[in-house]
Amino acid sequence: MERIEKVWFEDNHIWIQTETGKKYHQPLEAFPTLLDATDKQRKNFYLWEDNQSIRWDEIDEDIHISNFFETYTVNYDNPVNNLLSRFPWLNLAAFAEMAGMHKSKLDRFRYGVWTPSQETLNTIRETIIKAGKEMCAAML
């Protein structure tokens, strides 16, 4: 397997160059923890697993070189983003926890990088309903 030689960020993408000179990149939306990180946090990484993985201790993120061999595309026009964009004030980390998933997983659905199953989409819809009921109950 190829080994990572260089890592950098450019145009809202993470780039790697391998020891063979090949360059690969992915949109930061594919790795929401990196998307949410500061430039300083993004630059604070090290290579491990014989230079096949990138590790960010401060933000608890790991990316294996194999994640660069598949092409991830971003599609904001998707059911999850269409639902969640109606509530821009919503704390997505708390909402994801309420839905029983990590925020980075919810973000991957939101950015259209992953496609949720019908069951997951139903869970997100049910969580919106649950949150609405809890907010209404707080008014009583």
Side-chain angles (χ1 to χ4, degrees):
M1 172 144 326
E2 295 181 75
R3 295 170 45 153
I4 301 168
E5 186 174 272
K6 182 179 176 185
V7 178
W8 72 98
F9 297 88
E10 186 178 308
D11 297 328
N12 212 37
H13 284 72
I14 179 172
W15 289 78
I16 64 167
Q17 181 175 323
T18 67
E19 63 190 351
T20 62
K22 292 181 183 175
K23 294 178 183 177
Y24 301 93
H25 63 93
Q26 293 290 4
L28 286 179
E29 286 89 346
F31 310 106
T33 303
L34 284 178
L35 180 66
D36 292 343
T38 65
D39 286 338
K40 183 179 177 184
Q41 289 171 319
R42 287 182 194 146
K43 291 176 183 175
N44 190 19
F45 67 87
Y46 58 90
L47 300 175
W48 66 294
E49 289 189 326
D50 197 28
N51 284 31
Q52 292 186 353
S53 291
I54 313 164
R55 171 73 184 159
W56 291 264
D57 282 337
E58 184 179 354
I59 59 174
D60 193 25
E61 181 73 286
D62 295 283
I63 301 175
H64 190 266
I65 191 171
S66 61
N67 285 292
F68 290 90
F69 301 151
E70 181 179 337
T71 302
Y72 292 107
T73 57
V74 178
N75 174 19
Y76 284 93
D77 186 19
N78 69 73
V80 175
N81 192 50
N82 292 340
L83 280 170
L84 295 178
S85 64
R86 296 172 65 191
F87 312 101
W89 42 266
L90 189 62
N91 177 326
L92 290 179
F95 179 83
E97 184 177 327
M98 187 181 222
M101 67 180 76
H102 193 275
K103 182 183 179 293
S104 64
K105 183 176 183 178
L106 178 65
D107 282 342
R108 284 181 177 99
F109 294 138
R110 184 174 150 228
Y111 301 137
V113 174
W114 290 353
T115 302
S117 66
Q118 189 59 50
E119 180 181 342
T120 299
L121 191 53
N122 288 342
T123 297
I124 292 168
R125 287 183 177 132
E126 290 165 6
T127 304
I128 290 172
I129 292 168
K130 180 182 176 186
K133 286 179 180 178
E134 288 184 16
M135 285 187 281
C136 288
M139 299 301 296
L140 301 177

Q.
Run Asn122 and Arg125 through side chain to side chain contact (heavy atoms under 4.5 Å, CB included) and show every step you take.
A. CA-CA 5 Å; Asn122 288 342; Arg125 287 183 177 132; 3.8 Å; yes
Q: Give the C-alpha distance, both sets of side-chain angles, the deciding distance and a yes or no for side chain to side chain contact (heavy atoms under 4.5 Å, CB included) between Ile59 and Asp36.
A: CA-CA 10 Å; Ile59 59 174; Asp36 292 343; over 6 Å; no
**Q.** side chain to side chain contact (heavy atoms under 4.5 Å, CB included) between Met135 and Lys130, intermediate numbers included
**A.** CA-CA 9 Å; Met135 285 187 281; Lys130 180 182 176 186; over 6 Å; no
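Judged by distance alone, with hydrogens and angles left aside, the side-chain atoms of Arg42 form a donor-acceptor pair with the main-chain N or O of Ala37 at under 3.5 Å. The main-chain N or O of Gln52 is never found under 3.5 Å from a side-chain atom of Asp50 such that the two would form a donor-acceptor pair. Remark: the backbone N or O of His13 is not paired with any side-chain donor or acceptor of Asp11 at under 3.5 angstrom. Of the possible polar contacts, none joining the Asn67 side chain to the Ile63 backbone as a donor-acceptor pair under 3.5 Å is found. In this structure a side-chain-to-backbone donor-acceptor pair under 3.5 Å is missing from Ser53 to Glu49.
With Tyr24 as the partner, the ring-ring contact (aromatic ring centres under 6.0 Å, His included) test is satisfied by one option alone out of Phe69, Trp15, Tyr72, Phe68: Phe69. Just one residue in the list Phe9, Phe45, Trp8 forms a side-chain contact (heavy atoms from CB on, under 4.5 Å) with Ile14, and that residue is Phe9.
Annotation: the span from Glu126 atom CD to Lys133 atom NZ amounts to 9.5 Å, rounded to 0.5 Å. To the nearest 0.5 angstrom, Gln26 atom CD is 11.5 Å from Leu34 atom CG. Atoms CD1 and CD1, from Ile124 and Ile129 in turn, are 12.5 Å apart once rounded to the nearest 0.5 Å. The distance from atom OG1 of Thr127 to atom CE of Met101, rounded to the nearest 0.5 Å, is 7.0 Å. In this structure, the separation between CG on Leu90 and CG on Leu84 is 6.5 Å, given to the nearest 0.5 Å.
More than 12 heavy atoms of other shown residues, nucleotides or ligands fall within 6.0 angstrom of atom CD in Glu19. No more than 12 heavy atoms of other residues, nucleotides or ligands shown are found within 6.0 angstrom of CD on Glu119.
Using a 4.0 Å cut-off between a side-chain N of Lys or Arg and a carboxylate O of Asp or Glu, Arg55 and Asp60 qualify as a salt bridge. Note on Asp107 versus Lys103: salt bridge recorded, some NZ/NE/NH1/NH2 to OD/OE distance being below 4.0 Å.
By the 4.5 Å heavy-atom criterion applied to side chains, Arg110 and Tyr76 are not counted as neighbours. Inter-residue side-chain proximity for Asp77 and Asn81 is flagged as unmet; no heavy-atom pair is nearer than 4.5 Å. Counting only heavy atoms from C-beta outward, the side chains of Tyr111 and Asn78 never approach each other to under 4.5 Å. At a threshold of 4.5 Å between non-hydrogen side-chain atoms, the residues Ile54 and Asp62 do not count as touching. Asn51 is not listed as a side-chain neighbour of Ile65, based on a closest heavy-atom distance of 4.5 Å or more. Looking at heavy atoms from C-beta onward, Asn82 lies out of side-chain contact with Val80 at the 4.5 angstrom threshold. Residues Asn75 and Val113 form no side-chain contact, since every pair of their non-hydrogen atoms from C-beta on lies 4.5 Å or further apart. Contact of the Asn44 side chain with the Glu58 side chain is registered, since non-hydrogen atoms from C-beta on lie closer than 4.5 Å.
What you find for Lys22 and Glu2 is that their closest heavy atoms are CD-OE1, 3.6 Å. Here the closest heavy-atom approach between residue Leu35 and residue Asn12 is recorded as CD1-OD1, 3.8 Å. Across Pro32 and Ser104, no two heavy atoms sit closer than the pair CG-O, 3.5 Å.
The hydrophobic clustering, which links ILVMFWY residues whose side-chain heavy atoms are closer than 4.5 Å, places Leu121 and Phe87 together. Two different hydrophobic clusters hold Trp56 and Trp48 under the rule that ILVMFWY side chains link at heavy-atom gaps under 4.5 Å.
There is a side-chain donor-acceptor pair under 3.5 Å between Thr120 and Ser117. For Tyr46 and Asp57, the side-chain atoms include at least one donor-acceptor pair closer than 3.5 Å.
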